[in-house]
There are 2 protein chains.
Amino acid sequence: MEKRTALTVFESLATGVRLDIYRLLVKQGPDGMVAGDIADTLEVAPNNLSFHLKVLVHAGLATVEQEGRFQRYRANPTLMSALITYLTKECCAGQPEQCFGLATLTPKTSRR
Amino acid sequence: MEKRTALTVFESLATGVRLDIYRLLVKQGPDGMVAGDIADTLEVAPNNLSFHLKVLVHAGLATVEQEGRFQRYRANPTLMSALITYLTKECCAGQPEQCFGLATLTPKTSRR
DNA sequence: TCAATAATACAACAACTGTTGAAGTGTTGG
DNA sequence: CCAACACTTCAACAGTTGTTGTATTATTGA
């Protein structure tokens with residue numbers, strides 16, 4: 001995963017509303033949810049919701065599909081999977097001991 | 001992990017500079033790094049760096065320790081670990097098939 | 001003690017983000 | 001066809017965030 005991608009995901013989920021939307025979508029699984037239902041459930045104005053959904057879709061965390069006059073949104077768990085892999089590998093989290101143990105072995109450059 | 005905590009972490013890493021700082025700190029392991037070295041490495045103004053470091057520390061992603069007239073910063077891998085756990089559990093990512101398979105079994109509430 | 005260094009704190013500003021209300025696009029049922 | 005519906009787009013505004021320059025605090029070495 002590119003640093004830029006990770007950044008976009010962080011930006012996308014750095015808002016309470018969007019984190020709620022994303023979690024709701026994941027809970028719905030492949031069924032997804034139409035915009036109106038999301039708006040009702042989370043009690044956010046339709047136009048505002050539309051704004052946040054757009055961000056999530058643009059980030060790749062969700063997908064849209066037209067269904068008659070409804071717009072069905074689904075979570076994209078693949079990207080979250082990739083983010084977790086990135087965080088675990090790039091940032092050495094997950095196995096803190098191993099990561100920090102390794103760091104101890106690398107040559108250290110002291111300040112000036 | 002609380003939703004609020006996850007949110008704070010996302011906010012903290014939603015900036016290129018802070019993501020860079022955090023990754024640099026993780027790379028340094030338990031040795032950490034003093035503020036001046038971080039500023040030099042990432043080429044950010046000291047006062048600006050201080051601002052971002054404060055955010056990271058406040059979020060719990062990093063710790064500070066005074067060392068003479070230096071401030072040594074270290075990454076806190078535990079929180080990232082917890083975030084990964086949260087993302088994997090709460091958001092069902094990591095095992096998309098399993099999560100989405102489960103969702104299919106749950107009763108669905110159709111729109112109106 | 002005094003000058004130099006390391007870092008933080010503060011204030012001002014620009015830039016970005018989220019919210020709201022109103023208007024617009026597309027779809028469906030009568 | 002047209003009215004109702006589902007949703008999006010747009011523009012305006014408010015609030016927040018990040019950056020920059022300046023000042024301050026604290027520590028060290030001479």
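What's counted below: heavy atoms across the whole structure, side chains too, no hydrogens, waters or symmetry copies. Order of the sequence lines fixes the chain letters, A, B, ..., with proteins taken first and strands second; residue numbering starts at 1 for each chain.
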Check your understanding: Between atom CG in A/Asn47 and atom C1' in D/dC7, what is the gap in whole Å?
Key -> 10 Å

Revision key, fill the gap. From CG of A/Leu49 across to P of D/dA6 the rounded distance in Å is 14 Å

Review point. Within this structure, what is the NE2-to-P distance between B/His52 and C/dA7, rounded to whole angstrom?
Key: 16 Å

**Study point:** Nearest listed nucleotide, side chain of A/Ala35, among D/dC7, C/dG18, C/dT8
**Key:** D/dC7

Check your understanding: Is any NZ, NE, NH1 or NH2 atom of the basic residue among A/Glu67 and A/Arg72 found under 4.0 Å from an Asp or Glu carboxylate oxygen of the other?
Key -> yes

Review point. Are B/Glu11 and B/Arg4 close enough for a salt bridge, meaning some N to O gap below 4.0 Å?
Key: yes

Revision key, fill the gap. Whole-Å distance, B/Lys54 NZ to D/dG18 C1', equals 14 Å

Practice item. Between A/Glu67 and A/Val55, name the one whose nearest nucleotide on DNA chain C is closer to the 5' end. Key: A/Val55

Check your understanding: Rounded to whole angstrom units, what separation is found between the CG atom of B/Asp40 and the P atom of C/dA7?
Key -> 9 Å

Practice item. Give a yes/no answer on whether the side chain of B/Gln71 brings an N or O atom under 4.0 Å of OP1 or OP2 in C/dA6. Key: no

Check your understanding: Using a cut-off of 4.0 Å on non-hydrogen atoms, how would the nucleic acid contact of A/Arg18 be classed: base, sugar-phosphate, or nothing?
Key -> sugar-phosphate

Study note, to complete from the structure: Rounding to 0.5 Å, atoms CG (A/Leu61) and CG (A/Leu79) come to a distance of 5.0 Å

Check your understanding: Picking from C/dA22, C/dT19, D/dC7, which would you name as closest to the side chain of A/Val17?
Key -> C/dT19

Practice item. Select one nucleotide: of D/dT8, C/dG18, C/dA4, the one nearest the side-chain heavy atoms of A/Phe51. Key: C/dG18

Exercise for review: State which residues pass side chain to side chain contact (heavy atoms under 4.5 Å, CB included) with A/Leu53; sequence neighbours excluded, sorted by chain then number.
Suggested key: A/Ile21, A/Ala35, A/Ile38, A/Leu49, A/Tyr73

Review point. Between A/Asn48 (CG) and D/dA11 (P), how many Å, whole number?
Key: 18 Å

